[in-house]
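Right, one structure below, let's go through it.
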Amino acid sequence: MIVWLNGTHGAGKTTTSALVQQLIPDSRVFDAEKVGETLMDIKPGLPSTNNFQHWPPWRPLVVETARRVLDYTGGTLVMPMTVLVEQYWREISAGLAEHAIEVRHFVLHADQVTLRRRIEEDTDLGPSSFRLAYLEPYAEAARTWLHGEAEVIDTTHLTPAQVALRIAESVKNG
């Protein structure tokens, strides 16, 4: 099984994924961003883009990597990864379905003011114009398709531990 934690920057995906992993037996965290980083390291570089998700190899490589890890380890992968382009989500989820991998898709949501504050006050990464630039695309995806594709958890007034517990309980209860 894959527990996919979606949502934009500042929603709490990375922090929550580590906590979810502790609550779900035989689980591991797999950040699909590492697949993108591998593609970014190719020299000479791939065609220029502002987001590695736009490179066509990224999506099937995420599917194949997740499949191979699950074939090797079994258990559950907790995957914190923002996917805001519906076509990309369809490619990934269809690819996982082809391998009979169950996906529990959660969107960690917070209002725009909270997200902006979290990004601007982030002590690990610092304020980031890159991260702030995804607030409106997230809002658009949430309005048009994303919230209909997942279990939405509003993180605005919850701690990461509370969010992780809700996710783990939802996964446990099927």
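In what follows, every heavy atom counts, from backbone to side chain, and hydrogens, waters and symmetry copies are set aside. It should be emphasised that the depicted structure is a prediction, and the values quoted were computed from it without experimental measurement.
Residues His99 and Val63 share a closest heavy-atom pair of CD2-CG1, 4.1 Å. Glu151 approaches Ser170 most closely through the heavy-atom pair OE1-OG, 2.8 Å. Nearest heavy-atom pair across Leu23 and Ala168 is CB-CB, 3.7 Å. Closest of all the heavy-atom pairs between Arg131 and Gly126 is NH1-O, 4.1 Å.
Val103 is connected to Met79 through a chain of hydrophobic side-chain contacts under 4.5 Å among Ile, Leu, Val, Met, Phe, Trp and Tyr, so both are in one cluster. Hydrophobic cluster membership differs between Leu146 and Phe106, with clusters built from Ile, Leu, Val, Met, Phe, Trp and Tyr side chains linked at under 4.5 angstrom. Under a hydrophobic-cluster definition in which Ile, Leu, Val, Met, Phe, Trp and Tyr are linked whenever side-chain heavy atoms come within less than 4.5 Å, directly or via other members, Val69 and Met1 are assigned to different clusters. Met81 and Val152 fall within a single hydrophobic cluster, where Ile, Leu, Val, Met, Phe, Trp and Tyr are joined by side-chain heavy atoms under 4.5 Å apart, directly or via other members. Val62 and Leu46 fall within the same hydrophobic cluster, where Ile, Leu, Val, Met, Phe, Trp and Tyr residues are linked whenever their side-chain heavy atoms come under 4.5 Å apart, directly or through other members.
In summary, the aromatic rings of His54 and Tyr88 are positioned with their centroids under 6.0 Å apart.
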Run the salt bridge (charged side-chain N to carboxylate O under 4.0 Å, His left out) test on Lys172 and Glu169 for me, step by step, so that the C-alpha distance in whole Å, both residues' side-chain angles and the decisive distance to 0.1 Å come before the verdict. CA-CA 5 Å; Lys172 178 184 173 190; Glu169 287 175 350; over 6 Å; no

side-chain contact (heavy atoms from CB on, under 4.5 Å) between Arg166 and Gln162, worked out: CA-CA 6 Å; Arg166 285 190 184 186; Gln162 291 170 319; 5.6 Å; no

Determine whether Leu132 and Arg116 satisfy the following criterion, side-chain contact (heavy atoms from CB on, under 4.5 Å), listing intermediate values before the conclusion. CA-CA 7 Å; Leu132 289 168; Arg116 183 172 299 280; 3.7 Å; yes

Please walk me through it: do Arg67 and Glu98 pass salt bridge (charged side-chain N to carboxylate O under 4.0 Å, His left out)? CA-CA 10 Å; Arg67 178 183 79 83; Glu98 285 176 18; over 6 Å; no

Could you walk me through whether Leu5 and Val3 pass side-chain contact (heavy atoms from CB on, under 4.5 Å), step by step? CA-CA 6 Å; Leu5 305 185; Val3 175; 4.0 Å; yes

Verdict with supporting geometry, Arg118 and Asp122, salt bridge (charged side-chain N to carboxylate O under 4.0 Å, His left out): CA-CA 6 Å; Arg118 288 178 184 172; Asp122 189 317; over 6 Å; no

Thr49 and Asn51: CA distance, side-chain angles, deciding distance, side-chain hydrogen bond (donor to acceptor under 3.5 Å, both in side chains) verdict: CA-CA 5 Å; Thr49 182; Asn51 185 329; over 6 Å; no

Quick one, Leu77 with Ile101, criterion side-chain contact (heavy atoms from CB on, under 4.5 Å). Give me CA distance, side-chain angles, the key distance, then yes/no. CA-CA 10 Å; Leu77 289 181; Ile101 298 170; over 6 Å; no

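For Glu102 (side chain) and Ile2 (main-chain N/O), no donor-acceptor pair under 3.5 Å exists by modelled atom type. Gln21 places no side-chain N or O within donor-acceptor distance of the main-chain N or O of Arg28, the cut-off being under 3.5 Å.
By the 4.5 Å heavy-atom criterion applied to side chains, Leu108 and Val163 are counted as neighbours. Between His9 and Tyr138, every side-chain heavy-atom pair lies at or beyond the 4.5 Å cut-off.
Between Asp41 and Thr38, the side chains place no donor N or O within less than 3.5 Å of an acceptor N or O (distance only, hydrogens not considered).
Heavy atoms of other residues, nucleotides or ligands lying less than 6.0 angstrom from CZ of Arg117 number more than 12.
Partner Asn6 forms a side-chain hydrogen bond (donor to acceptor under 3.5 Å, both in side chains) with one of His105, Lys13, Glu149 and no other, that one being His105.
Relative ring orientation between His109 and His147 is described as perpendicular, the plane-to-plane angle rising above 60° on a 0-90° scale split at 30° and 60°.
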